[in-house]
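First listed ligand is number 1; within each ligand, the first listed atom is number 1.
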Amino acid sequence: MAELPEKKVAFIDWYLAVVDAATLTDKRYAVKGMNVWTPYGFLARRHLDAVMIREIEATGSSPVEFPALIPANEFAKEKEHIKGFDAQVYWVTKGGLSELDIPLVLRPTSETAMYPIFALWVRSHRDLPLNVYQIVNTFRYETKTTRPFLRVREIHFFEEHTCQADEAAADQRVRSNLEAFARMAKAFALPYVAARRPEWDKFPGAAYSIAFDIPVGAGRTLQIGTAHHYRENFSGPYGIRYEDAQGVQRLVHQTTFGLSERLLGAIIAVHGDQKGAVFPTSVAPYEIVIVPIPSAGPGPGPEATATESVERLRRHGRRVHLDAGDERPGAKYYRWELKGVPVRLEIGRREATARTATAVDRLGRKRSVSLDTLERDVDAFLAEFDEALYARALAAFQEAFRVFRTMEELKEFAHVGVVGWCGKEECGHAIEAAVDGGLLGTPESELPLELSTPVACIVCGSGTGIRWALAGRPL
Ligand SMILES: [Zn+2]
């Protein structure tokens with residue numbers, strides 16, 4: 001097996017090699033950017049979804065599913081939105097042999113599918129808030145180079161859409177989304193920053209957008225989710241009104257919260273290393289792989305002990321894979337490390353006789369666990385593994401940011417930049433040009449840096465309206 005490219009030197013090559021070697025997806029499908037979910041990748045996706053579902057439903061959101069096709073006239077109702085997506089949509093123009101009277105858009109996102117129906121569902125203040133989400137495939141005609149999970153044309157997409165009574169309630173919903181995302185990210189062991197995107201980079205049709213970004217080395221960043229406040233921008237054109245307690249008709253304020261399979265890409269990008277993928281327990285297709293090491297001799301065989309361990313851990317609710325194939329143990333260890341399984345149990349004759357197993361986690365830490373306390377010991381080992389994985393990711397995260405105080409310094413750009421910004425668009429664009437990337441916006445979460453008050457805009461030197469802003473090179 002060929003060695004993986006060096007992550008620090010050739011990040012994208014390394015990433016593509018890990019995704020392939022871990023058999024998470026098959027990108028040989030005949031349409032570029034539409035990849036096949038393999039059994040192993042599909043399991044990871046299912047566990048990723050389970051975390052998102054758990055956390056969003058804990059905030060009072062309900063699942064729905066809307067159709068994939070949107071009539072052209074509905075799609076066109078909100079002008080900024082259509083402008084933002086026009087170049088990215090797939091069209092269905094024929095039904096069988098006949099041209100359709102009204103062409104259909106294959107959803108790139110579902111505002112325009114949902115909102116005509118929301119206008120029927122929301123009548124009175126008693127119908128509010130309306131908080132619903134769906135996890136469906138969306139389609140975008142991506143013209144840049146596609147990458148598994150990171151940039152695809154058929155996207156496994158999580159989208160929450162809500163209707164609120166007023167602007168403050170919608171602000172509150174965005175806050176609640178940020179908190180839900182913080183809990184999800186902890187489950188994925190992913191440190192991130194939340195940033196309010198500048199006006200020129202918000203979602204088409206949004207009043208404001210808050211995005212979540214992670215650093216992926218050398219000043220590059222990956223956007224892994226967004227929450228948007230639409231105010232009345234969509235409820236106006238789509239006529240989503242309610243009667244308030246005084247009998248007055250009002251437009252709802254709307255929000256959305258979007259995540260995708262890119263989170264899986266982020267997990268690989270952040271946690272993976274020179275041995276391959278590393279999954280946090282929450283997402284791992286298998287949390288534990290058990291490898292019996294067969295040998296001839298007296299007493300209980302390793303296979304029987306392995307089978308007992310598999311059965312008990314499964315009954316205990318753990319996702320376990322027994323690798324009893326005839327390969328050498330070393331080849332099996334290598335493969336399961338590549339595939340990112342958090343914990344491996346090795347059971348040889350010595351372990352079987354002593355009723356123990358040797359547990360090794362994906363970070364290389366080793367300990368002996370007793371079969372008497374197998375479930376408890378494995379639970380504890382997995383929990384420690386998750387903490388250690390988070391600590392490793394956090395250390396890299398903390399090193400990824402740097403304060404820049406002059407445009408001259410920005411030329412040396414190799415960290416996510418933290419800069420003083422006056423808020424003017426031309427200064428924002430100058431920062432973007434200097435880093436050959438984007439102004440990610442103003443932080444909405446704590447940064448891993450000691451920040452004194454910025455004294456001036458890094459571009460124009462103005463000291464008024466000054467704030468910290470983040471600059472990066474989106475991957
Ligand atoms: Zn300025």
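- One N or O on the side chain of R392 and one on the backbone of H271 form a donor-acceptor pair closer than 3.5 Å.
- The aromatic ring centroids of W37 and F149 lie less than 6.0 Å from each other.
- Excluding waters, the protein N/O/S atoms found under 2.8 Å from the Zn ion (ligand 1) are C422 SG, C427 SG, C457 SG, C460 SG.
- Salt-bridge check for K186 with E387: passed, with a basic side-chain N closer than 4.0 Å to an acidic carboxylate O.
- The side-chain heavy atoms of S209 and T226, taken from C-beta on, include no pair separated by under 4.5 Å.
- For the pair K202 and Y208, the cation-pi test (distance below 6.0 Å, angle within 45°) is failed.
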Acceptor/donor pairs from residues 127-136 side chains to any protein atom, 3.5 angstrom cut, sequence neighbours excluded:
residue, atom, partner, partner atom, Å
D127, OD2, R123, N, 2.7
D127, OD2, S124, N, 2.9
N131, OD1, Q164, NE2, 3.0
Y133, OH, E57, OE2, 2.5
Q134, OE1, F66, N, 2.7
Q134, NE2, S110, OG, 3.0
Q134, NE2, E159, OE2, 3.0

